[in-house]
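Below is one structure; the comments refer to it alone.
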Number of protein chains: 2
Amino acid sequence: MADRVTITTVARHAQVSVQTVSNVLNSPHVVRPETRQRVQDAIDALGYRANQAARQMRTGRSRLIAARIEPAQDGINGSILDRFLHGLAEAAAPARYRVLLYTAADDAAEITTYEDMLSAYDIDAFVLTSTHHADTRTGWLAERGVPFVTFGRPWDALGSHPWVDVDGAAGTAEATRHLLRAGHRRIGFIGWPPGSGVGDDRRSGWAAALAEAGIDIHGLDAVTADGVAEGVAAARDLLTRGEPVTAIVCCSDSLALGALHATGGAEPAVPGPPAPGRIAVIGFDDTPVAQAVGLTSIAQPLGEAATHCLRLLAAQLDAPGSRPPGDGQILLTPALVPRRTA
Amino acid sequence: MADRVTITTVARHAQVSVQTVSNVLNSPHVVRPETRQRVQDAIDALGYRANQAARQMRTGRSRLIAARIEPAQDGINGSILDRFLHGLAEAAAPARYRVLLYTAADDAAEITTYEDMLSAYDIDAFVLTSTHHADTRTGWLAERGVPFVTFGRPWDALGSHPWVDVDGAAGTAEATRHLLRAGHRRIGFIGWPPGSGVGDDRRSGWAAALAEAGIDIHGLDAVTADGVAEGVAAARDLLTRGEPVTAIVCCSDSLALGALHATGGAEPAVPGPPAPGRIAVIGFDDTPVAQAVGLTSIAQPLGEAATHCLRLLAAQLDAPGSRPPGDGQILLTPALVPRRTA
DNA sequence: TTCCGGCAGTTGAACGTTCAAATTATGCGG
DNA sequence: CCGCATAATTTGAACGTTCAACTGCCGGAA
């Protein structure tokens, strides 16, 4: 097997010192164009690639970004994260970064993992997902000056780090307006118990859109844990109250699927107009299930979110100390995907 | 901020040379128990962790395993891979390996990525997914002596490398027998066009189970591309032939979902006995959609598969040159998950 | 002519670890 | 108590790269 091509091989081949090769790679402007070209040719001819480990030893930078891969939780609402991860890996490659996976059961375990990855691998940055109230992770990282971005805004408003999030309220507001335009007035909402940042945010969009239309939201919302069966129960509840709702916006596709069942059943796929006489239902996240069942849902721009995360990190890493433009806090707008259920 | 704890720090603290610390870490048997303990205590007290980059420079080993993350293809059948990846990351951690992600549009691009990752990061091994006929990747890696495992058997039977796969035929056979036990005799199959290893394998299980029961499969199967709409069409086709089928085994949950629609519609979730008078349908992969819709499906043991992949790699990496036990070719049996549709 | 400044490139050291060889410590038979 | 074999530990070098300091060289101002 061919011997390893190192910077020394290239240097010999181009008749220069190793440092000059290094300069061509890292600060091309200091080397005369003529020489630069000669070195570049040698690099190409030999197929040289800088050894990351050696480089890392000197610079302390690994060009590695760590991201957590979560277990497929509920299943329906999972598959969000893996699309995000794919986007992340794809955005990382052109910036010459790579994504390293890790798993962790809870915040404490995750922090232990940080320690390990930082000391053993010199991870350059972390991408945190599933931010929540009393999130101990961001503080820990910030304290140590480790660069990171969160996908999900900080719900406690403590400190301000770069983050990317999707505007859940804008999504549910758009969904609600969509239903208003279709003539619905009594539009219900099935959401999660107050206290989850994401859930409260999504509920607020629905409430705002109704307020905008001058509709009193009293008695129009149901609160329940996530799940299909829970969605069935909550929808039945909404339907048996004083004046029944004619449409429901849901906090998740799981809940929406349940609502769909409680309000007349769903037929999978096959495009066509919404069946008349049924209650309109809109879910959230545009999961495969929604696509399969023909459920109108709200799609998060996950690829875009990933790209932004990486851009923010790259800005931090490549120009240390400099704040990214716009304070590095980016709120993306999700898109309503109209299907057969609304 | 605290200075980096290196092997030198530990050595000073334990009053030994750096090499002794290194020995405690890598070949504890050569160091006297007493000394070993002293060094170990120093390691614990200082929270020392070996720097992977430096170690890698000497040993040429990165303890990094690369795996590809694919785009969320069809959506319904995706979410298989991310469960596998999660399993992989989880299995890697205790073995002190980490999983590095990459993306690639096709085999050629993937091989280019191999080159990059091997020369820049000294990746120890690769986990290949989505094996197919005329797969150029395995040959490339084998030629260069790069350790790898495939999740998915080699469909061309060229060369023999370690692989882990799920016995699709066993799955469809079990599904078919399940239907036979329920009294069905005319059991159809909706599969993909011949030529895809996975598809042919799954079809063969169905055929074998029917043959076992003395049933002629003639006229009982339909061939189509994957997709919900395609499933609808194929199921209609099966239902309008001479003697209609009373049950259908499908090559994927997408197809099954289509079949379900064509044969009377599905109602999401909510447990209960199969509705009478409807045609029984069984899907494949036990995706979130199946769980949500109450579709009986065949679940691949993805976590187990991931664990085996990692075990096979670890065996190769930790004892180079030694063939893993059982030739390192592992076929796992999937499990039927009975729900409301069969 | 002399000296200085700046550019292009080179040299030597260092990052943290492990390997191979050398050195020192320990135990044992005579 | 010596000599020797073997165990335990240390020393020096190396992995591939970049940083900091250095050497030559050329042109221009004094």
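Note: hydrogens, waters and symmetry copies are ignored here, and every other heavy atom, side chains too, is used. Below, read A as the first sequence line, B as the second, and so on, with proteins coming before strands; counting in each chain starts at 1.
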*Residues of residues 27-46 of chain A with any non-hydrogen atom less than 4.0 angstrom from an atom of DNA chain D: list those, numerically ordered, please.*
none
*Separation of B:Q15 atom CD from D:dT10 atom P, in whole Å?*
10 Å
_NE2-CG distance between B:H308 and B:L313, expressed to the nearest 0.5 angstrom_ = 13.0 Å
*In residues 48-58 of chain A, which ones come under 4.0 Å of DNA chain C, going by heavy atoms?*
A:M57, A:R58
*In whole angstroms, how far is the C1' atom of C:dT18 from the CZ atom of B:R61?*
13 Å
*So A:H161 and A:F148, would you call those rings parallel, tilted or perpendicular, with 30° and 60° as cut-offs?*
tilted
*Could you tell me the separation between the CG atom of B:N23 and the P atom of D:dT9, rounded to a whole number of Å?*
9 Å
*So, is B:T20 close to the D:dT9 phosphate, meaning a side-chain N or O under 4.0 Å from OP1 or OP2?*
no
*To the side chain of B:I7, which of D:dT9, C:dT18, C:dG12 is closest?*
C:dT18
*With salt bridge (charged side-chain N to carboxylate O under 4.0 Å, His left out) as the test, would you mind laying out the steps for B:D116 and A:R49 before giving the verdict?*
CA-CA 8 Å; B:D116 184 48; A:R49 275 162 158 108; 3.3 Å; yes
*Whole-Å distance between D:dT17 C1' and B:D122 CG?*
13 Å
*Nearest-neighbour nucleotide for the A:T59 side chain, C:dT18, D:dT17, D:dT18 considered*: D:dT18
*Greater than 12 external heavy atoms within 6.0 Å of A:H13's NE2*: no
*asked:* Taking ring-ring contact (aromatic ring centres under 6.0 Å, His included) as the definition, give me every residue that meets it alongside B:Y97, ordered by chain and number, with sequence neighbours left out.
replied: none
*With a 4.5 Å limit on heavy-atom distance, are the side chains of A:R38 and A:D41 in contact?*
no
*asked:* Are the side chains of A:R68 and A:L101 in contact, using a 4.5 Å heavy-atom criterion?
replied: no
_Here's a test for you: under side chain to side chain contact (heavy atoms under 4.5 Å, CB included), which of A:T9, A:I43, A:V39 qualifies with A:Y48?_
A:I43
*Under 4.0 angstrom between B:T6 side-chain N/O and C:dC15 OP1 or OP2*: no
*Spacing of A:Q19 atom CD relative to C:dA13 atom C1', expressed in whole Å*: 12 Å
_Residue pair B:R4, A:D122: steps toward the salt bridge (charged side-chain N to carboxylate O under 4.0 Å, His left out) verdict_ = CA-CA 11 Å; B:R4 201 175 220 312; A:D122 275 320; 2.9 Å; yes
